[in-house]
**Q** 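One structure follows; several queries about it will come next.
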Amino acid sequence: MKKNNAFRRAAALMAALSITVSLAAPVFADTYYIDNGDITVTKNADGSQTVEQNGTSNNDSDEIIITTTGAAITTLESDLEGPAAEDTGFGPVAEDNYQPAQPEDAEKPEGADQPESAEEPKAADRQESADQQPQQAAPAAAPAASTPKNDKGNGFWGNTITVINNFADKVLNLTLKDVKIDVSDTGDDFFEFDDTQRGKAALSVQGKGNVEIELDGNNELKSGKGRAGLEKNSTGTLTLKDDNKEAGSLTATGDYYGAGIGGSGSISNSGTIIMNGGTITANGGRNGAGIGGGGGGGRDAGNGGIVTITDGTITAKGGQAGAGIGGGGKDNSSSGGAGNGGSITIKGGTVYAYGGSGSWGNGGGAAGIGGGANNDDNIGSGGNVKISGEYTRVIATGRDRGYDIGGGAGPDNSFGGSGSLSVTDGATLEMKDAGTNVTDPEYRNCAIIDKDGNCVRYNSEGNPIASPTLLLEVSPADSVTLPDTVTLTATLAGAVPDNSNKKIEFTVVGTTATVTTDSSGKAVYTPTDLSPGTYNFNASFNGDTDNDPASATGITGYTVSLGTQKALILNGLGSAYTYGSEPFNLSTSGGSGGGAVSYVSSDSSCR
């Protein structure tokens, strides 16, 4: 029997709405809705956990999920129309609870209970029925807390999230699912000098314990003046991750003096931040790092803290004078300096880091990874940068003389300290502009690409791996006539420490011969037993710890032909011989090549 699709979808939506309304109130639930107001999650010193929203405080020890009502409805509607609905017998697609519409004249089975009237039940009757099923309350029964507030349009809300972990021995777990917050319009003009006039942070992490945030769906955070997009002023570790099957992303944008992710103005140092998966974009506000320290303004800028990236696709863009990853910048003439890079470890994923443009006046720009910029000589240093891992790729770009990795730039030709740089274990580092001012970087088993696309690979001992070339020549050229021989010569060039004593493999008709190069890099091979035909010749160098492999351009269609036999001269015959004459000796001279000569007489009796 064909089901009524319109009926099914309507029923599914009603079920989704009723469930959503029942969940919209945060009582006894671990899912909270940002469109209903500010949310504060606190793990107390005794290990208990509370969630506050709209003046209501709930004890909730579970992992907290923060989402929007719209995202929840979409998820529930999808679930109710999926296989789970049929498997559980719940929802409009279940066979047991589906009753098709009957025509008015359809025959009624005997004994069936029939209503006295076919009229639609009255509103009071419907309300009574609804009261008997409180788990699916009508929307009108939703609590006051479920009323959306601060709708900014386009899916954004003007409500904030504050996460406080006061229990150092236990992690506070939080999931963001399709949360979009925009409080970029908050804060007064004198926020730089008066902390009470700073704007709001879209999400602020505080306390002394560790906080782990799982990213599901698309999340965006836009903060107000003097605030980081995702503000971290806690002493614990903040971990952003994407561990479950649902792909997650986060875009965090700071405002004036706020990092994208990290420090905010006077609360400027970023502390310890770990990123483990997901697609994360961090945009620093003016003077703020993309990931790291906040901007200085009239004070010292923030340092980069400890940043560790283990997986994901991470894009960090510093605001004016702020590093992509590292220290915040400074762009006015008041006291204070730019922030240093801190400790930055990247051991997985793909990372793009862009330093901010030149600071006000004659100051330079910031490093892609490292120090912030300043318009005086108190410039941010590069910090300690470690990049490792076979699948790790880092693309760093400084701005306006700021190094790609290292110190930020200041007035004229001044720079911040270099710091240190280590690239190991198969990682690839691409520096797109000024490179690095680290004087003795550690490059081991890695690839370094400069702004022109030139790639230098390093071996496990830290020596550059050369890319030699190999040239194959044959003599005589093009073809040979037997019994002349063929000579193959391979010439290796550009190997380190030199071209001698390198093993070259020659391949002829599937047969390989290995010859060692001489002091001039030449290896010579003469193939034997070539029969008439067409041949292809190849030569290759398999590389070693200091050199990449190299293959010569093969020689194809080389012809080997039989030679033309020269005339044979018969020696030892006199003018005439008759039967009974003395024995005599015959010999043959001339001809080409060697081999046996057969003598045949026309007289069969001659032996």
**Q** Only pairs at least two apart or in different chains count here, so list each salt bridge (Lys or Arg N to Asp or Glu O under 4.0 Å) that has a residue in residues 435-444.
**A** Glu442-Arg444
**Q** Quick one about Asn218 and Ser249 (side-chain donor to acceptor, distance below 3.5 Å, no hydrogens or angles considered), yes or no?
**A** yes
**Q** Look at the side chain of Asn219 and the backbone N and O of Asp216, then say whether any donor-acceptor pair between them is shorter than 3.5 Å.
**A** yes
**Q** I'd like to check the side-chain hydrogen bond (donor to acceptor under 3.5 Å, both in side chains) partners of Asp433; sequence neighbours left out, ordered by chain and number.
**A** none
**Q** Please tell me if the side chains of Lys180 and Trp157 come closer than 4.5 Å, counting only heavy atoms from C-beta onward.
**A** no
**Q** Indicate yes or no: at least one non-hydrogen side-chain atom of Ile405 is less than 4.5 angstrom from one of Ile387.
**A** yes
**Q** Not counting sequence neighbours, list each pair that qualifies as a side-chain hydrogen bond (donor to acceptor under 3.5 Å, both in side chains) and has a residue in residues 271-284.
**A** Thr253-Asn283, Asn276-Thr310
**Q** Can you measure from CD1 (Ile65) to OG1 (Thr31) and round to the nearest 0.5 angstrom?
**A** 4.0 Å
**Q** Give a yes or no answer on whether the side chain of Thr50 reaches the backbone of Ser57 with a donor-acceptor pair at less than 3.5 Å.
**A** no
**Q** Below 4.5 Å, heavy atoms only, C-beta onward: do Val423 and Leu421 meet side chain to side chain?
**A** yes
**Q** Taking all atoms of both residues into account, what is the closest heavy-atom pair of Val183 and Gly158, and its distance?
**A** CG1-O, 3.6 Å
**Q** Any chance the side chains of Asn165 and Asn210 put a donor and an acceptor closer than 3.5 Å?
**A** no
**Q** Side chains of Leu240 and Ile280, heavy atoms from C-beta outward: is any pair under 4.5 Å?
**A** yes
**Q** Go through the structure and list residues passing side chain to side chain contact (heavy atoms under 4.5 Å, CB included) with Tyr354, not counting sequence neighbours.
**A** Thr315, Lys317, Tyr352, Thr397
**Q** Of all heavy-atom pairs between Ala202 and Ser223, which one has the smallest distance, and what is that distance?
**A** N-OG, 2.9 Å
**Q** Can you list the residues that meet the side chain to side chain contact (heavy atoms under 4.5 Å, CB included) rule with Asn378, with sequence neighbours excluded?
**A** Asn374, Asp376
**Q** Do you know which two heavy atoms are closest between Gly260 and Ala252, and how far apart they sit?
**A** O-CB, 3.4 Å
**Q** CG/Leu221 to OG/Ser204 distance, rounded to the nearest 0.5 angstrom?
**A** 11.5 Å
**Q** What residue pairs, at least two apart or across chains, pass ring-ring contact (aromatic ring centres under 6.0 Å, His included) with a residue in residues 427-449?
**A** Tyr443-Tyr458
**Q** Name all residues meeting the side-chain hydrogen bond (donor to acceptor under 3.5 Å, both in side chains) criterion together with Ser420; count only those two or more places apart in sequence or in a different chain, and write none if there are none.
**A** Asn384
**Q** Going by the rule side chain to side chain contact (heavy atoms under 4.5 Å, CB included), which residues pair with Glu212 if we only count those two or more places apart in sequence or in a different chain?
**A** Val171, Asn173, Thr239, Lys241
**Q** Other residues, nucleotides and ligands only: do more than 12 of their heavy atoms fall within 6.0 Å of NZ on Lys347?
**A** no
**Q** When rounded to the nearest 0.5 angstrom, what is the spacing between CG in Leu230 and CG in Leu203?
**A** 4.5 Å
**Q** Taking only residues two or more places apart in sequence or in another chain, which ones pass side chain to side chain contact (heavy atoms under 4.5 Å, CB included) with Ile164?
**A** Thr40, Thr42, Thr162, Asn166, Gln206
**Q** Kindly give the heavy-atom pair with the smallest separation between Ala353 and Gly368, and that separation in Å.
**A** CB-O, 3.4 Å
**Q** Nearest heavy-atom pair of Ala409 and Gly402: which atoms, and what distance?
**A** CB-N, 3.8 Å
**Q** Count the heavy atoms of every other residue, nucleotide or ligand shown that sit under 6.0 Å from CG of Asp46, and state whether that count exceeds 12.
**A** yes
**Q** Report yes if the side chains of Thr175 and Ile66 come closer than 4.5 Å at any heavy-atom pair, otherwise no.
**A** no
**Q** Is any side-chain heavy atom of Tyr256 closer than 4.5 Å to one of Asn287?
**A** no
**Q** Would Glu220 and Thr251 count as having a side-chain donor-acceptor pair, cut-off 3.5 Å?
**A** no
**Q** Would you please name every residue forming a side-chain hydrogen bond (donor to acceptor under 3.5 Å, both in side chains) with Ser184, sequence neighbours left out?
**A** Asp182
**Q** Name all residues meeting the side-chain hydrogen bond (donor to acceptor under 3.5 Å, both in side chains) criterion together with Lys208; count only those two or more places apart in sequence or in a different chain, and write none if there are none.
**A** none
**Q** Where is the tightest heavy-atom contact between Ile34 and Asn159, given as atom of each residue plus distance?
**A** O-ND2, 2.6 Å
**Q** Taking the six-membered ring of Phe156, is NZ or CZ of Lys222 closer than 6.0 Å to its centre and within 45° of its axis?
**A** yes
**Q** What pairs of residues pass the side-chain hydrogen bond (donor to acceptor under 3.5 Å, both in side chains) test when at least one of them lies in residues 385-395, not counting sequence neighbours?
**A** Arg393-Glu430
